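Nothing here was measured: the structure is a model prediction, and the numbers come from that model. The chain is numbered in sequence order, starting from 1.
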Amino acid sequence: MAGFLRAVGRRKALAAVAGVGLLGLHQYDTHYCYERINRSARGVYAAAYTLWAYKARLVLFPEQLSQIHDDVAALWLRTCQTNGGLYVKLGQSIAVMSHILPVEYNERFQILYDQAPRATKAEVTKLFKEEFGKPPEEIFKEFDIEAVASASVAQVHRAVLKDGTPVAVKVQKPNIIVQTPWDLALYRMLVFAFDKLFDLPLYWTVDEICDNLTKEANFVREAENTRRAKADLKDVRNVYVPYVVDDLVTKRVLTMEWIDGIKLSDQAGVLNMGFRIKQVVTTMIEAFSHQIFVCGFVHGDPHPGNVMVRKNKNNPGEPEIVILDHGLCIEESEKFRLEYAQLWKAMVLSDTAGMAHICKSWGIRDPELFASIQLFQPYRKATPVVAPKRLSREEMIEYRKQTKERVRTLLSDTNKVPRELIIVGRSLNIIRSNNKQLGSLVNRVNVMAYKAAEGSSIRGQSAGRWEVFSFWLRLKLLTLTYNAIELWRKVNGLFGKEAPAFEEILEQNLQLSVEEKLGIQLHRALEPR
């Protein structure tokens, strides 16, 4: 008995020592190591809980599906808000996945666009002293210490230069440089785990994503990206990029022209300015499509917080969109830019042979599934993508039978897949989300198809110009079909019949496809037909 008591005593002592040690490690990490360990632990816990919720709890209690969605979404939201930094960007990415994720995620994560954590006055002052050797009050004539906007990596302050010019000062969040390597290392581990657990081709994307997120933290590079984007878009109608104040740029501080305007998502504000929502959204899609298909230098984060609307200074009767935050940009190779534009032309015209040729060279085994991913709708060569129709459940069941396992074998050789697709795909999804949030008034695929035609031409050669003209004629015929269908929907709407808009049709088709494939209902608003 005495031996047993001594053993129990030793175990208690070891447990006490371990507890004190863990508490000490927690405090040290919190106060001296920028919470690198604590933040990683929260991420690991959220990932483990997600696996348990969907692999175990859902099996035992399938009737709790909606609650499980909400619990997991709430946990990840708390994790993103508590950890800040790149976790906020993760949450913002979740917020624009409304076309495929359950509605519970979309409802919770929308707040991250407006409620990203802010750095304190002391933290901002400390950063300025480290970058310039003096506080902001000595650099600017005026400096508003309260940030007017806050994002994942930085926050923006309003200031006035010594000569009286108003400027926007982007200040990096404290500890981003220290925390980013740990966050990205954990990201690599989690993607690797999900890749193996779900047998999905995911891990090949991590190098490109981690590289671009690391570059985003360097504001000198962002200043270079901004100048490049300004030059590329200078001749695009009703599109503007602010200038950079070169003398006040460091790796952690970026000073730019101040812009008075409203967010793209402020529909009431746009209408109060006297502009039509459709006109503004069309300009937005044209601008980013120009980057993707014509310039080859692409903004990777075009969410509503990075797109403002104001009156065109030269023509106040027209709206002008202003594109901000060029930290996450990617330069396409000329080969990729041309092939991607040609791929879009092939998708729009249902040119299966053309799609297959490009996809094969990219190591993509399944051209039709790949087209579905690019268009955010099930691709069916018999249905023109500029005039989509809502698919019935029977059609989607048949589609499911043909594609259930195709996603696992989509990529035959990941070494051949152009890395540009990762950021370009992200940009396309955010453009889709912007259109949907503003009422789906614009045929996004149609607008992008015209830009693809422009980008795929051989510049300066008559053969290229004829190719564009020929494509435009064919696209015009498809556009007339789309307009007729839209008119028919509006007429039906006058008589109380359901008339879903463009993005809703694409989204419902894709959601129904995933619902049938997974055997669960992703969106409460999706009704069977």
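- Taking a cutoff of 4.0 Å between a charged side-chain nitrogen and a carboxylate oxygen, Asp246 and Arg227 qualify as a salt bridge.
- In this structure the side chain of Leu248 reaches within 4.5 angstrom of the side chain of Leu161, judged on heavy atoms.
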Practice item. Take Glu224 and Arg228, measure what salt bridge (Lys or Arg N to Asp or Glu O under 4.0 Å) needs, and give me the verdict at the end. Key: CA-CA 6 Å; Glu224 296 172 354; Arg228 168 69 185 275; over 6 Å; no
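- The backbone N or O of Ile177 lies less than 3.5 Å from no partner atom in the side chain of Thr180, so there is not a single donor-acceptor pair.
- The heavy-atom pair separating Lys173 from Ser150 by the smallest distance is NZ-OG, 3.1 Å.
- Taking 4.0 Å as the cut-off between side-chain N and carboxylate O, Arg310 and Asp260 do not count as a salt-bridged pair.
- With hydrogens and angles ignored, the 3.5 Å screen pairs no side-chain donor or acceptor of Thr255 with any backbone N or O of Val249.
- Side-chain atoms of Glu318 and Asn238 form a donor-acceptor pair, as typed in the model, at a separation below 3.5 Å.
- Both tests hold for Lys170 against Phe219: distance to the six-membered ring centre under 6.0 Å, angle to the ring axis within 45°.
- For Asn429 and Arg432, the side-chain atoms include at least one donor-acceptor pair closer than 3.5 Å.
- Under 4.0 Å is where a charged nitrogen must lie from a carboxylate oxygen, and between Asp207 and Arg188 at least one such pair does.
- No donor-acceptor contact under 3.5 angstrom links the side chains of Tyr87 and Gln179, judged on distance only.
- Aromatic ring pairs are classed by plane angle as parallel below 30°, tilted from 30° to 60° and perpendicular above 60°; the pair Tyr203 and Phe192 is perpendicular.
- The aromatic rings of Tyr340 and Trp362 lie parallel to each other, with less than 30° between the two planes, well short of the 60° mark.
- The closest side-chain heavy-atom distance from Ile323 to Asn306 is not below 4.5 Å.
- Between Val241 and Thr226 there is a side-chain heavy-atom pair separated by less than 4.5 Å.
- A 4.5 Å side-chain heavy-atom check between Val253 and Val169 finds at least one atom pair inside the cut-off.
- With salt bridges taken as basic N to acidic carboxylate O contacts below 4.0 Å, none links Glu216 and Arg221.
- Partner Phe288 forms a side-chain contact (heavy atoms from CB on, under 4.5 Å) with one of Val307, Ile430, Val298 and no other, that one being Val307.
- With sequence neighbours left out, Pro174 forms a side-chain contact (heavy atoms from CB on, under 4.5 Å) with Ala119, Glu123.
- Using cut-offs of 30° and 60° on the angle between ring planes, the pair Phe143 and Phe128 is perpendicular.
- Relative to the ring axis of Trp258, Arg158 places its NZ or CZ within 45° and under 6.0 Å from the centre.
- Remark: Asp301 engages Lys89, Arg426 in a salt bridge (charged side-chain N to carboxylate O under 4.0 Å, His left out) (not counting sequence neighbours).
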Practice item. Any chance you could lay out the side-chain hydrogen bond (donor to acceptor under 3.5 Å, both in side chains) test for Gln437 and Ser433, step after step, and finish with the verdict? Key: CA-CA 6 Å; Gln437 288 183 25; Ser433 178; 3.3 Å; yes
